[in-house]
There are 2 protein chains.
Amino acid sequence: MKTKEKTTTNALEILKHRYYKLEKHRLTLEEARINAEAARLIYKLRTEAKLSQKELADLIGTTQSVISRLEDDDYEGHSLGMLTKITAALHKKLHLVTESVS
Amino acid sequence: MKTKEKTTTNALEILKHRYYKLEKHRLTLEEARINAEAARLIYKLRTEAKLSQKELADLIGTTQSVISRLEDDDYEGHSLGMLTKITAALHKKLHLVTESVS
DNA sequence: ACAAAAGATAGCAATTTTGCGATAATTGAA
DNA sequence: TTCAATTATCGCAAAATTGCTATCTTTTGT
């Protein structure tokens with residue numbers, strides 16, 4: 001037997017729900033922003049080092065298609081591990097910095 | 001039939017091999033450093049916000065044991081996705097910064 | 001225009017990370 | 001000490017990322 005759907009029944013719940021959606025949206029935007037930041041950082045480091053994707057790939061022991069994927073603004077799979085391999089290969093140190101948001 | 005092992009046969013190859021080992025070691029150290037930096041950042045943000053691991057976990061929709069794992073200096077699985085969820089939940093913006101190494 | 005180099009995209013297996021419950025260990029307050 | 005809250009650790013399934021090959025598209029140089 002199918003149970004009745006739970007519905008939002010009062011103003012407070014409605015407001016909470018709206019806030020939750022707002023928060024979820026803010027998170028989505030934040031994730032898109034940081035993904036793009038990572039992609040552009042990799043592109044910037046590689047081009048400043050005057051390397052092709054293939055050359056950078058060889059340096060860190062992977063393939064060109066992987067580098068291409070990492071430089072895609074929409075790629076969502078960035079890991080600290082990969083970022084560290086790249087920055088270390090190019091003789092840079094990576095740091096994580098946070099900024100307060102008002 | 002088992003083929004003969006390829007051996008390093010000249011000085012240049014030996015030097016290349018030494019350099020490779022040095023580079024690999026430098027990468028290992030760099031990875032350990034950035035992993036610890038991520039772990040400490042999460043701990044710092046959480047404690048400054050006066051939250052328990054359980055409370056932060058609820059904020060980002062996961063469990064306490066996950067937060068505990070993320071705050072372990074030796075944890076190697078940090079992703080930008082998780083770091084972004086945490087920083088966004090605590091109303092901070094994450095940035096990736098690189099420093100030249102001499 | 002042509003060829004070569006560089007970069008983008010697709011698909012899939014293998015590896016890795018995450019999510020999560022259970023439980024042990026630690027810390028803090030009364 | 002005792003209890004409650006907090007944190008650490010373990011094990012495993014599910015989900016996500018990586019590695020890699022092949023192929024297509026774009027860019028560059030002659």
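Proteins get letters first, then strands, A, B, ... in listed order; numbering begins at 1 in each.
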Item checked: Nearest-0.5 Å distance that lies between atom NE2 in H91(B) and atom CG in L45(B) -> 12.5 Å
Note to self: Rounded to whole Å, please give me the gap between CG in D73(A) and C1' in dT9(C).
What the structure shows: 16 Å
Next item on the list: Could you walk me through whether L80(A) and L80(B) pass side-chain contact (heavy atoms from CB on, under 4.5 Å), step by step?
Entry: CA-CA 7 Å; L80(A) 279 199; L80(B) 279 199; 4.2 Å; yes
Margin query: When you measure from the side-chain N and O atoms of S68(B) to the phosphate of dA8(D), is any distance below 4.0 Å, counting only OP1 and OP2?
Written below: yes
Next item on the list: Measure from the side chain of Q53(A), starting at C-beta and using heavy atoms only, and say which of dC20(C), dT9(C), dG7(C) lies closest.
Entry: dG7(C)
Notebook entry, point to check: Which whole-number value in Å describes the distance from L51(B) CG to dT7(D) C1'?
Noted result: 15 Å
Distances under 3.5 Å only, N/O to N/O: pair up the protein atoms with those of nucleotides 21-23 of chain D.
| from | atom 1 | to | atom 2 | distance (Å) |
| --- | --- | --- | --- | --- |
| dT21(D) | O4 | S65(A) | OG | 2.9 |

Notebook entry, point to check: Roughly, in whole Å, what's the span from CD1 in I67(B) to P in dT7(D)?
Noted result: 11 Å
Check: In whole angstroms, how far is the C1' atom of dA8(C) from the OH atom of Y43(A)?
Finding: 14 Å
Return all side-chain donor-acceptor pairs below 3.5 angstrom for residues 58-68 of chain B, not counting sequence neighbours, or 'none' if the list is empty.
| from | atom 1 | to | atom 2 | distance (Å) |
| --- | --- | --- | --- | --- |
| D58(B) | OD1 | K54(B) | NZ | 3.3 |
| D58(B) | OD2 | K54(B) | NZ | 2.9 |
| Q64(B) | NE2 | Q53(B) | OE1 | 2.9 |

Next item on the list: Quickly work out the L70(B) CG to dT9(D) P distance and round it to whole Å.
Entry: 13 Å
Note to self: If you compare all heavy atoms of D72(A) against all heavy atoms of D74(A), which two are closest, and at what distance to 0.1 Å?
What the structure shows: OD1-N, 2.8 Å
Next item on the list: Verify the cluster assignment for Y43(B) and L70(B): are they in a single hydrophobic cluster under the rule of side-chain heavy atoms below 4.5 Å apart?
Entry: no
Are any protein N/O atoms closer than 3.5 Å to N/O atoms in nucleotides 14-17 of chain D? If there are, list each pair with its distance.
| from | atom 1 | to | atom 2 | distance (Å) |
| --- | --- | --- | --- | --- |
| dT17(D) | OP1 | E76(A) | O | 3.2 |
| dT17(D) | O3' | G77(A) | O | 3.3 |

What does the list of N/O pairs under 3.5 Å between the protein and nucleotides 25-30 of chain C look like, with a distance for each?
none

Item checked: M82(A) versus S79(A), closest heavy-atom pair with distance -> N-OG, 3.1 Å
For residues 34-42 of chain B, run the donor-acceptor check on the side chains, cut-off 3.5 Å, and write out each pair with its distance to 0.1 Å, sequence neighbours left out.
| from | atom 1 | to | atom 2 | distance (Å) |
| --- | --- | --- | --- | --- |
| N35(B) | ND2 | E31(B) | O | 3.1 |
| E37(B) | OE1 | H95(A) | ND1 | 3.2 |
| E37(B) | OE1 | R33(B) | NH1 | 2.9 |
| E37(B) | OE2 | H95(A) | ND1 | 3.4 |
| E37(B) | OE2 | L96(A) | N | 2.8 |
| R40(B) | NE | D73(B) | OD2 | 3.2 |
| R40(B) | NH2 | D73(B) | OD2 | 2.6 |

Next item on the list: Give, for atom CD of E30(B) and atom OG1 of T28(B), the distance between the pair rounded to the nearest 0.5 Å.
Entry: 10.5 Å
Item checked: Nucleic acid contacts - residues 54-61 of chain B versus DNA chain D, non-hydrogen atoms under 4.0 Å -> none
Notebook entry, point to check: What is the distance from atom OG of S52(B) to atom CZ of R46(B), rounded to the nearest 0.5 Å?
Noted result: 7.0 Å
Note to self: Just the rounded figure in Å: distance from P of dC10(D) to CG of D72(B).
What the structure shows: 10 Å
Notebook entry, point to check: Could you give the distance from CD (E48(A)) to CG (L90(A)), rounded to the nearest 0.5 Å?
Noted result: 9.5 Å
Check: Nearest-Å distance, CZ (R69(B)) to P (dA8(D))?
Finding: 13 Å
Notebook entry, point to check: How long is the span from the OG1 atom in T84(A) to the NE2 atom in H78(B), to the nearest 0.5 Å?
Noted result: 10.0 Å
Check: Would you say R46(B) reaches dT6(D)'s phosphate, i.e. side-chain N/O to OP1/OP2 under 4.0 Å?
Finding: no
Next item on the list: Quick one: pull up CG in L27(A) and CD1 in I86(B) and give me the separation to the nearest 0.5 Å.
Entry: 11.0 Å
Next item on the list: Starting at atom CG of D74(A), determine the distance to atom P of dA10(C), rounded to an integer number of angstrom.
Entry: 12 Å
